[in-house]
Amino acid sequence: MIEVRNAELLETITAQAKERGIANGAIVSLIGAVDEFTLSTMPSDDATKDVITDYALPAEMSGTGEITDGVVHVHAVMAVEGDRPISGHLHSAQVGTWFARAYILPNDA
């Protein structure tokens, strides 16, 4: 388990996984809350492109992902005010007010 407090989420997971010798594995659960985040989705007319959106608002977070050759890849659902979900590929997330935890199953056998 990697816990993140007062830091950028993906940078911290990447650094902590490297320190623990995890280059490959499944992020089986990602939980917590963030103060701001950036997600992307694909436009309906071109699956090869990304539409990247920054959100400067707090959100409850859940997600899953993987670490492949040291690169962290997460898909997340961010729950924001009004009980609205915002979902997609997570590019960044700033953890400050609360915490985030990534539960990782290493696959570096």
Side-chain angles (χ1 to χ4, degrees):
M1 186 267 296
I2 293 174
E3 184 169 282
V4 180
R5 291 184 182 268
N6 298 312
E8 201 289 317
L9 178 72
L10 300 178
E11 289 175 1
T12 303
I13 293 172
T14 300
Q16 288 290 317
K18 183 177 181 180
E19 285 178 17
R20 297 172 189 200
I22 302 170
N24 297 287
I27 300 173
V28 296
S29 180
L30 177 65
I31 63 163
V34 302
D35 294 305
E36 57 187 63
F37 57 97
T38 301
L39 288 175
S40 71
T41 55
M42 297 175 278
S44 61
D45 63 345
D46 189 347
T48 66
K49 295 185 179 174
D50 269 340
V51 176
I52 300 173
T53 306
D54 296 316
Y55 297 90
L57 61 150
E60 298 279 345
M61 173 183 62
S62 61
T64 60
E66 64 185 359
I67 302 170
T68 304
D69 296 328
V71 177
V72 174
H73 181 102
V74 170
H75 285 210
V77 177
M78 313 304 265
V80 300
E81 183 178 15
D83 303 324
R84 294 180 303 125
I86 302 173
S87 179
H89 171 81
L90 187 64
H91 287 264
S92 67
Q94 186 61 41
V95 180
T97 304
W98 295 101
F99 65 89
R101 292 189 187 108
Y103 295 86
I104 299 170
L105 181 62
N107 187 22
D108 288 316

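Taking 4.5 Å as the limit, some side-chain heavy atom of Ile27 sits within range of a side-chain heavy atom of Val74.
By the side-chain hydrogen bond (donor to acceptor under 3.5 Å, both in side chains) test, Asp54 is found to be paired with Thr38, residues two or more places apart in sequence or in another chain being considered. Evaluation of the side chain to side chain contact (heavy atoms under 4.5 Å, CB included) rule for Thr41 yields Val51 as partners, not counting sequence neighbours. For Phe99, the side chain to side chain contact (heavy atoms under 4.5 Å, CB included) partners two or more places apart in sequence, or in a different chain, are Arg5, Arg101. Evaluation of the side chain to side chain contact (heavy atoms under 4.5 Å, CB included) rule for Gln16 yields Ile2, Thr12, Glu19, Arg20 as partners, not counting sequence neighbours. Scored by the salt bridge (Lys or Arg N to Asp or Glu O under 4.0 Å) test, Lys49 finds Asp46 as partners (sequence neighbours excluded).
The CD1 atom of Ile13 lies 8.5 Å from the CD atom of Glu8; values are rounded to the nearest 0.5 Å. Going from atom CG of Leu90 over to atom CG of Leu39 covers 5.5 Å, rounded to the nearest 0.5 Å. Taking CD1 from Ile52 and NE2 from His89, the interatomic distance works out to 8.0 Å, rounded to the nearest 0.5 Å. Note: Leu30 CG to His75 NE2 = 12.0 Å, rounded to the nearest 0.5 Å. The structure places OG of Ser92 at 9.0 Å from CG of Leu9, a figure rounded to the nearest 0.5 Å. Here the straight-line distance linking atom OG1 of Thr14 with atom CD1 of Ile67 works out to 7.0 Å at 0.5 Å rounding.
With a 6.0 Å radius and a threshold of 12 heavy atoms from other residues, nucleotides or ligands, Asp83 has its CG atom at or below the threshold.
For Glu66 (side chain) and Thr68 (main-chain N/O), no donor-acceptor pair under 3.5 Å exists by modelled atom type. No side-chain donor-acceptor contact under 3.5 Å links Glu60 to the backbone of Met78. The main-chain N or O of Asn107 is never found under 3.5 Å from a side-chain atom of Asn24 such that the two would form a donor-acceptor pair.
At a threshold of 4.5 Å between side-chain heavy atoms, the hydrophobic network of Ile, Leu, Val, Met, Phe, Trp and Tyr places Met1 and Val4 in two separate groups. At a threshold of 4.5 Å between side-chain heavy atoms, the hydrophobic network of Ile, Leu, Val, Met, Phe, Trp and Tyr places Val34 and Val80 in one connected group.
Among residue pairs with one or both ends in residues 29-69, those qualifying as ring pair (Phe, Tyr, Trp, His ring centres under 6.0 Å) are Phe37-Tyr55; sequence neighbours excluded.
The minimum heavy-atom distance linking Asp50 with Pro43 is given by the pair N-CD, 4.5 Å. A pairwise comparison of heavy atoms in His91 and Ser40 identifies NE2-OG, 2.8 Å as the closest pair. Considering all non-hydrogen atoms of both residues, Ala100 and Met61 come closest at CB-CE, 3.7 Å.
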Worked check of side-chain contact (heavy atoms from CB on, under 4.5 Å) between Ile104 and Ile22: CA-CA 9 Å; Ile104 299 170; Ile22 302 170; 4.3 Å; yes
